[in-house]
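Positions are given from 1, in the same order as the sequence printed here. Computed from a predicted structure; not experimentally measured.
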Amino acid sequence: MDDTRPNGEEPASWDELYNINLMPSELFLKFRKEVEGLRVGVNLEFYNSPINEFQGKIVLKPLSPDRKWKFIYAPTHHDIRILSKKIPVTKFLNLQVGIGHNLKLHATGWQWKLTTCLGGDGISRIRNKTSLGLWPGVDLRFGWKADYVLPEITGALGGDEPLFNMNSGQLQASLDRVEAILTHTS
């Protein structure tokens, strides 16, 4: 087995190749109440990376499965936004559009966002949210990502390359967001 890299460096240690960070950079506490076919929510959002910040939001959206919009008011930033539901463009690509107004700056503008569960170069990153219902009305949601390079075994016979060569791959995973969602239904 060839333990040297093409540029002559020694192989990385296992700690450098596989790293899992379980300290989230975003903590959300969401309170939801269902009223007359609408979900009214109050979000308390705490960010600890790259700077410590707190943001509160009021969110209003229809409960119907075919909902097309949601309304967001962020009093600390003086922003009002109406956003569309994420519209599937392809199996892995979504489009979201919206209009917003900043009350402090008296400015109105459009915004759009293309999102995917595959980030980075589209091959080596997975981003996802996983939900866990603890009991009725109490859910935890975890936002996580994993950047990876799959292990690779190669070899050759009768040339400059070694008979057997192994690249052990690489994994950098992190838990980015933890949300506690408390829903009150009548």
Side-chain angles (χ1 to χ4, degrees), residues 20-120 122 125-147 172-186:
I20 298 175
N21 180 5
L22 296 176
M23 181 58 70
S25 58
E26 301 174 358
L27 298 170
F28 288 14
L29 183 57
K30 296 182 175 184
F31 299 96
R32 295 177 174 167
K33 172 81 174 152
E34 297 175 0
V35 179
E36 308 267 336
L38 295 173
R39 176 180 287 148
V40 179
V42 175
N43 296 356
L44 304 175
E45 303 174 0
F46 302 91
Y47 303 92
N48 65 4
S49 179
I51 59 171
N52 289 332
E53 183 180 356
F54 164 78
Q55 186 172 14
K57 291 181 182 174
I58 297 171
V59 180
L60 179 70
K61 62 182 167 183
L63 283 173
S64 67
D66 62 340
R67 73 169 178 85
K68 305 274 189 243
W69 59 273
K70 70 178 168 181
F71 170 85
I72 301 171
Y73 172 57
T76 54
H77 292 283
H78 308 285
D79 283 334
I80 297 173
R81 290 183 286 159
I82 297 176
L83 298 174
S84 74
K85 180 179 179 176
K86 290 181 180 173
I87 305 161
V89 177
T90 67
K91 185 176 180 180
F92 297 108
L93 188 63
N94 297 309
L95 172 67
Q96 187 174 37
V97 295
I99 186 169
H101 181 76
N102 186 290
L103 300 170
K104 193 173 188 179
L105 301 174
H106 304 289
T108 302
W110 288 92
Q111 67 184 62
W112 60 273
K113 177 170 61 170
L114 281 172
T115 59
T116 180
C117 66
L118 303 172
R125 173 178 282 177
I126 297 173
R127 293 177 54 200
N128 209 339
K129 290 181 183 175
T130 303
S131 294
L132 174 66
L134 298 179
W135 53 84
V138 179
D139 298 299
L140 289 178
R141 186 181 304 157
F142 305 96
W144 57 272
K145 72 179 175 196
D147 295 321
Q172 303 293 318
S174 64
L175 177 65
D176 297 329
R177 176 188 289 188
V178 174
E179 301 177 14
I181 304 166
L182 307 172
T183 304
H184 181 266
T185 56
S186 303

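- In terms of the side-chain hydrogen bond (donor to acceptor under 3.5 Å, both in side chains) criterion, N21 has no residue partners (sequence neighbours excluded).
- Listed by first then second residue, pairs satisfying ring-ring contact (aromatic ring centres under 6.0 Å, His included) with a partner in residues 21-52 read F28-Y47, F46-F54, not counting sequence neighbours.
- The salt bridge (charged side-chain N to carboxylate O under 4.0 Å, His left out) test applied to E53 returns no partner, not counting sequence neighbours.
- Nearest heavy-atom pair across G56 and P75 is O-CD, 3.4 Å.
- The salt bridge (charged side-chain N to carboxylate O under 4.0 Å, His left out) search around K57 returns E45, not counting sequence neighbours.
- Here the shortest heavy-atom pairing between L175 and L22 reads CD2-O, 3.7 Å.
- The side-chain hydrogen bond (donor to acceptor under 3.5 Å, both in side chains) search around T90 returns none, not counting sequence neighbours.
- Pairing each heavy atom of N48 with each of N52, the nearest pair is CA-OD1, 3.3 Å.
- Within the structure, every pair that satisfies the side chain to side chain donor-acceptor pair (under 3.5 Å) test and touches residues 66-75, not counting sequence neighbours, is listed here: S64-D66.
- With sequence neighbours left out, V35 forms a side chain to side chain contact (heavy atoms under 4.5 Å, CB included) with K33.
- In this structure E26 satisfies the side-chain hydrogen bond (donor to acceptor under 3.5 Å, both in side chains) test together with R177, sequence neighbours excluded.
- By the 4.5 Å heavy-atom criterion applied to side chains, N94 and P88 are counted as neighbours.
- Residues satisfying the side chain to side chain contact (heavy atoms under 4.5 Å, CB included) test with Q111, not counting sequence neighbours, are R81, L83.
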Return all side-chain donor-acceptor pairs below 3.5 angstrom for residues 96-108, not counting sequence neighbours, or 'none' if the list is empty.
from: Q96; atom 1: NE2; to: S84; atom 2: O; distance (Å): 2.9
from: H101; atom 1: ND1; to: A107; atom 2: O; distance (Å): 3.2
from: H101; atom 1: ND1; to: T108; atom 2: OG1; distance (Å): 2.6
from: N102; atom 1: OD1; to: K104; atom 2: N; distance (Å): 2.9
from: N102; atom 1: OD1; to: L105; atom 2: N; distance (Å): 2.8
from: N102; atom 1: ND2; to: H77; atom 2: O; distance (Å): 3.3
from: N102; atom 1: ND2; to: D79; atom 2: OD1; distance (Å): 2.9

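- Not counting sequence neighbours, the partners of R141 by the side-chain hydrogen bond (donor to acceptor under 3.5 Å, both in side chains) test are E179.
- The two residues P24 and V178 make their nearest non-hydrogen contact at CG-CG2, 3.8 Å.
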